[in-house]
Amino acid sequence: MRTLFLSWVFSVFFTAAGLAEPPLQVNSGLPAELTAKDGSGMLDQVVVEAFRRIGRAVEIEILPPKRGIALTDAGQRDGHYLRAIRVIDAYPNLVYVPEAIANATRMAVTREAYPAIRHWRDLKGRTVGYWLGEQAYTLSDHGLEEAIRVPNPLSLLEMLQRGRVDVALSDFAIARATMEKAGITGLVIHQPPLERVPVYLCLHKKHANLIPGLIQALKAMIQDGSLGALCPYCQESLNFPAPVAIGG
């Protein structure tokens, strides 16, 4: 009993001490459908809650993606979200929390009653659009012609509704959030995803000591339903099947 009491005292002490420290400066470059300057976006709330569970307060900042991750690598910011490992590895001073918050996906969105799209080859002969934030698209790698680029996810889905493109390529969470926020109906997101890549919260290496606690916090959030409550599209993306293999 005495041991349990002392453990509780130490837990309360360290949590209080952590909250007394200056807030960590954490940034994202994801679109307004998922993030917000006041920290009220779906993903912002996930990050805030994860840090809260380890006794640390954070301040959310929305920055252009490349600037945000560069400032974090330079130690001028404390953390950045969400990024794939291949991107994080290009920055020598960054470490990541190895518990995926979501899967970044490449999914085909079409109008209703459109033939199923299950593989990149199904896009051949189609007019394809994507928004500028999705710089990872390399359609030429899949033998496809250059796609039509638009400035943001909303413009892309509106263009699809008007029939100016046959297929819109988008991340699942961004597409769903955009459709919900704008009241867009009559569109279908095809499964499985064309691509599926886990994405993570990354930190400047000076905060590497926070990683074990954040891993446990995120695992607990998945298990107790907090992740799904705060960002249902994040939770849903983690459950997606793998893309269809070549020849599948």
Side-chain angles (χ1 to χ4, degrees), residues 6-30 34-105 135-136 171 173 196-228 230-231 234-235 237-238:
L6 288 175
S7 297
W8 177 81
V9 169
F10 282 126
S11 175
V12 171
F13 173 78
F14 285 117
T15 298
L19 291 173
E21 295 183 59
L24 295 168
Q25 305 295 314
V26 183
N27 70 84
S28 180
L30 291 168
L34 296 175
T35 59
K37 291 181 179 180
D38 63 0
S40 63
M42 292 183 186
L43 274 175
D44 308 328
Q45 294 180 60
V46 171
V47 171
V48 169
E49 175 62 13
F51 278 101
R52 186 196 67 79
R53 293 189 181 205
I54 65 167
R56 295 302 301 266
V58 296
E59 291 182 352
I60 301 297
E61 185 177 14
I62 307 303
L63 296 171
K66 289 184 179 180
R67 181 165 179 256
I69 196 169
L71 288 172
T72 306
D73 182 64
Q76 297 177 41
R77 299 294 188 276
D78 300 302
H80 177 83
Y81 60 98
L82 293 169
R83 289 288 187 162
I85 292 175
R86 61 178 176 76
V87 177
I88 298 170
D89 284 348
Y91 294 85
N93 298 315
L94 296 184
V95 292
Y96 73 98
V97 180
E99 183 66 36
I101 292 176
N103 275 317
T105 56
Q135 296 292 346
D171 173 77
R196 184 190 67 178
V197 180
V199 284
Y200 304 89
L201 166 67
C202 58
L203 306 170
H204 187 272
K205 62 184 180 182
K206 64 187 175 186
H207 298 301
N209 62 304
L210 300 179
I211 289 177
L214 287 168
I215 292 173
Q216 294 307 312
L218 290 170
K219 284 182 180 294
M221 289 173 66
I222 293 171
Q223 293 171 358
D224 66 23
S226 298
L227 178 65
L230 294 172
C231 186
C234 297
Q235 181 66 66
S237 75
L238 291 174

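We use all heavy atoms of the structure for the numbers below, so side chains are in, but hydrogens, waters and symmetry mates are not. In what follows, residues are counted from 1 in the order of the sequence shown.
- A donor-acceptor contact shorter than 3.5 Å links the side chain of Asp73 to the backbone of Asn93.
- Evaluated for a side chain to side chain donor-acceptor pair (under 3.5 Å) with Glu61, the options Arg77, Lys37, Gln25 yield exactly one hit, Arg77.
- The two residues His80 and Gly29 make their nearest non-hydrogen contact at CE1-N, 4.2 Å.
- In terms of heavy atoms, Gly39 sits closest to Asp44 at O-CB, 3.3 Å.
- When the salt bridge (Lys or Arg N to Asp or Glu O under 4.0 Å) test is applied to Arg196, no partner is found at least two apart in sequence or on another chain.
- The distance from the CZ atom of Arg56 to the NE2 atom of His207 is 7.0 Å, given to the nearest 0.5 Å.
- In this structure, the salt bridge (Lys or Arg N to Asp or Glu O under 4.0 Å) partners of Glu49, at least two apart in sequence or on a different chain, are Arg52, Arg53.
- Within 6.0 Å of the NZ atom in Lys219, the count of heavy atoms belonging to other residues, nucleotides or ligands does not exceed 12.
- Taking CD of Gln223 as the reference point, atom CG of Leu227 lies at 11.5 Å (rounded to 0.5 Å).
- Annotation for Leu82 and Ser28: closest pair N-OG, 4.5 Å, computed over non-hydrogen atoms.
- The OH atom of Tyr96 sits 9.0 Å away from atom CD1 of Ile215, with the distance rounded to the nearest 0.5 Å.
- Side-chain N or O atoms of Thr35 include none that pairs as donor or acceptor with a backbone N or O of Gly41 at under 3.5 Å.
- Checked by atom type and distance alone, the side chain of Asn103 never pairs as donor or acceptor with a backbone atom of Thr105 at under 3.5 Å.
- The CG atom of Leu24 sits 10.0 Å away from atom CD1 of Ile60, with the distance rounded to the nearest 0.5 Å.
- Considering CD of Gln45 and CG of Leu43, their distance stands at 9.5 Å, rounded to 0.5 Å.
- Residues passing the side chain to side chain contact (heavy atoms under 4.5 Å, CB included) test with Gln76 are Leu71, Ala74, sequence neighbours excluded.
- Pro23 and Asp78 get closest at one heavy-atom pair: O-OD2, 4.5 Å.
- Shown here for Leu210 and Phe51, the closest heavy-atom pair between the two residues is CD1-CE2, 4.3 Å.
- Atom OG of Ser226 and atom CG of Leu218 lie 10.5 Å apart (nearest 0.5 Å).
- Closest approach of Ala50 and Ala217 over heavy atoms only: O-CB, 3.7 Å.
- Of the possible polar contacts, one joining the Asn27 side chain to the Gly79 backbone as a donor-acceptor pair under 3.5 Å is found.
- Each of Val199, Ile69, Leu94 was checked for a side chain to side chain contact (heavy atoms under 4.5 Å, CB included) with Arg83, and the lone residue meeting it is Ile69.
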